[in-house]
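As structure tokens, the structure follows; a few thoughts come after it.
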Amino acid sequence: MFPHAQLALVDVTKRYGDNLVLDRVTFTVRPGEKLGVIGDNGSGKSTLLRIIAEVETPDNGELTIASPGGIGYLPQQLDLPEHDTVADAIDLALADLREIEQAMRDTEKTLTDGDQAAAEHYADLMARFEAREGWGADLRVDQALAALGLPDLDHDRPLGMLSGGERSRLMLAATLTARPALLLLDEPSNDLDDDAVTWLEAQLREWKGTVVAVTHDRAFLEAVTTTMLEIGDRKARRYGNGYSGYLIAKATERQQAQEAYDRWNAEVARQEGIVDHNADRMAAIPRKLPMANMSTGAFRARNRDHGAGSRIRVAKQQLERLKANPAPRPPEPLRFSPDLAVTGFTADAPALRLNGIRVGDRLNVEALSIARGERILITGPNGAGKTTLMRVLAGELEPEAGRTERNGAIGHLRQLAGPGSARESVLRAFAAGGIGTLEEHAENLDRLGLFTHDEFGKPVATLSVGQRRRLELARLVSRPVDVLLLDEPTNHLSPLLAEQLQEALVDYKGAVVLVSHDRRLRESFQGRRLRMEAGVIETIMAS
């Protein structure tokens, strides 16, 4: 029987200097669960995984791990000596199995008739070894390497001769082969092609132990996870029913937040109405009234005046309480501007057209025409020239030969670079080139919910890669453009924000040119598909 792992964190806190990363995080992972850990870049996901792997120690709190079937940990960044060989790396990942096997051999030498304790110890070692499929582990490493795109990898090859992606795939193959009861994976689908990821997902779905995986890969989350853990604001929140259950729960949360905000606004408006109505009544009552019918007329006027004043005081007190504790306004879903820029349009001309374009040995396009409102997905291996093509289409890279025509305003979401100078604040970088006052831009940025008010003044230089990505995305959705050039748009975005971006594209009316490895985004794409290889558009397929 496969030994189950027990995992629980109670009030775990972790800081680096003055930077509080995790604050009183509490959750439990049940045996056999497949837990997907998600959140923005820099939210503390990898730190959490290192704490669970006992690579780092929490500053406070209690960590309980019981995994008699071993722990396998694959960090996002591997620190392996370059002079070590592939065989050394495999031995490192299989160290638990090697130790159990050696203990079995040592126990065999001491077994004698009637030594019940030694026999029971040997039986326990054998059970543990067989539960983790120890026999034939080395053969399974090679089978896993082949499935991950590294067939016939020489075990004597120094690790320094492997690329970073090859090292990651090597350690992933060996870690899976070790069959630990608790498997900790940090971005396991990075550096894998579609076939390799599909193989990995099948392995993890059938995994007998517990899996904790940090990932931005939405298709991976959908295929593998049974439970989600969202890290945000230094806290952790658990969601059941896998990735689809998480999306449903987040939609419900947003609806509830909107209803609470609407109720708060309605109550503010009601109390303000009470103040205005009674102030009008008081203004309509004469200061001096003639005595009549035994002074009852004057008495009634004073009584109405007193009643209106009392209602005003109560309403103002209610308003003070409401405004002291406002319901937070939920961020608006991402939406590209419903209005196209329609600047410089020639009615019958395509949105973009390339003829005879050449950029060194990186790009060679004889002809490419993209109609207004058309959608194109560009695929191909790394280094195929996709980003170079996007830069030429955007007018950011001048080709050595050929002609480029652009018909309308271009919005380009770059794969690497972000907006703003290093010293510029988030708000000023967002507002740069836009129309309106700084206060109006602050309101627009606030509505998107991509940055808190405290972050508006932060220098762009201090932003994480994910925050820079959100800043560029905020600028893009706030300005009308006729053509969207999206180069790996979901990179460094949280899964929830990636979902919103995907939904926003559905209603956009302009032309879209998309480069993406995101399987969930590609699967939903409807339009023309181009495949590039070595700077050349090889195939054109209609969706």
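These numbers come from a predicted model, not from an experiment. Reckoned from all heavy atoms, side chains included, excluding hydrogens, waters and symmetry mates.
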| query | Side chains of S524 and Q502: is there a donor and an acceptor less than 3.5 Å apart? | reply | yes
| Considering all heavy atoms of both residues, which atom of L450 and which atom of A474 are nearest to each other, and what is their separation? | CD1-CB, 3.7 Å
| task | Inspect the contact between K386 and E488 and indicate whether a charged nitrogen and a carboxylate oxygen are less than 4.0 angstrom apart. | result | no
| query | Backbone N or O of V460 within a donor-acceptor pair of the R468 side chain at under 3.5 Å? | reply | yes
| Cationic N near anionic O, under 4.0 Å, D186 to K45 | no
| request: Using a strict 4.0 Å threshold on nitrogen-to-oxygen distance, state whether R237 and E253 make a salt bridge. | output: yes
| message | Taking the basic N atoms (NZ, or NE/NH1/NH2) and the acidic carboxylate oxygens, is any pair closer than 4.0 Å for E101 and R132? | response | no
| Taking the six-membered ring of F525, is the NZ or CZ of R375 close enough (under 6.0 Å from the centre) and on axis enough (within 45°)? | no
| message | Counting neighbours of CG on D152 that are heavy atoms of other residues, nucleotides or ligands and sit closer than 6.0 Å, is the number greater than 12? | response | no
| Between R391 and D487, is the closest basic N to carboxylate O distance under 4.0 Å? | no
| Salt bridge flag under 4.0 Å for residues E108 and R105 | yes
| request: Would you please name every residue forming a side-chain contact (heavy atoms from CB on, under 4.5 Å) with E533, sequence neighbours left out? | output: P381, R531, E538
| What class does the angle between the rings of H453 and F456 fall in, given that below 30° is parallel, 30 to 60° is tilted and above 60° is perpendicular? | tilted
| said: Within the 3.5 Å criterion, strictly below it, is a donor on T85 or D88 matched to an acceptor on the partner's side chain? | reply: yes
| Y16 six-ring centre to K14 NZ/CZ under 6.0 Å and within 45° of normal | yes
| request: If a pair satisfies salt bridge (charged side-chain N to carboxylate O under 4.0 Å, His left out) and one of its residues is in residues 163-172, list it, with sequence neighbours excluded. | output: E82-R167
